[in-house]
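Just so you know, these numbers come straight off a predicted model, no measurement behind them.
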Amino acid sequence: LDGTGYPDGLVGDEIPVTARVLQIVDVFDALTTDRPYRSAMSVPAALQTLAQEVERGWWDRSIFGVFSEIVADGVMEPDVLLH
């Protein structure tokens, strides 16, 4: 969101909304999935990490707010996500 992204260096609303949504979903999935180099984070830890990154200006604050509400409401249960 801050213009440091590859390849075009887009800033804020220059980034298509679908890309901003997918950024958050993709990072959440990466954080909550086991990787060869680390275990999956818990959902609360992943949301905290994303919130810290929102504060750094990396992700869209309003989209993250909606996403975190969806997760908190249990609409999206992590154990049913396809990996």
Which atom pairs, donor and acceptor, lie under 3.5 Å between side-chain atoms of residues 38-49 and protein residues at least two apart or in another chain?
from	atom 1	to	atom 2	distance (Å)
Arg38	NH1	Thr33	O	3.4
Arg38	NH2	Ala30	O	2.5
Ser42	OG	Ala45	N	3.2
Thr49	OG1	Ala45	O	3.0

Without placing hydrogens or testing angles, list every side-chain donor-acceptor pair under 3.5 Å for residues 52-59, not counting sequence neighbours.
from	atom 1	to	atom 2	distance (Å)
Glu53	OE1	Trp59	NE1	2.7
Glu55	OE2	Arg61	NH1	2.9

Anything under 3.5 Å between a donor and an acceptor, one on a side chain of residues 17-25, the other on a protein residue two or more places apart or in another chain? List them.
from	atom 1	to	atom 2	distance (Å)
Arg20	NE	Ile15	O	2.9
Arg20	NH1	Asp60	OD2	2.8
Arg20	NH2	Ile15	O	3.2

Can you confirm whether Asp13 is buried at CG, in the sense that more than 12 heavy atoms of other residues, nucleotides or ligands lie under 6.0 Å from that atom?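 Not more than 12 within 6.0 Å, no.
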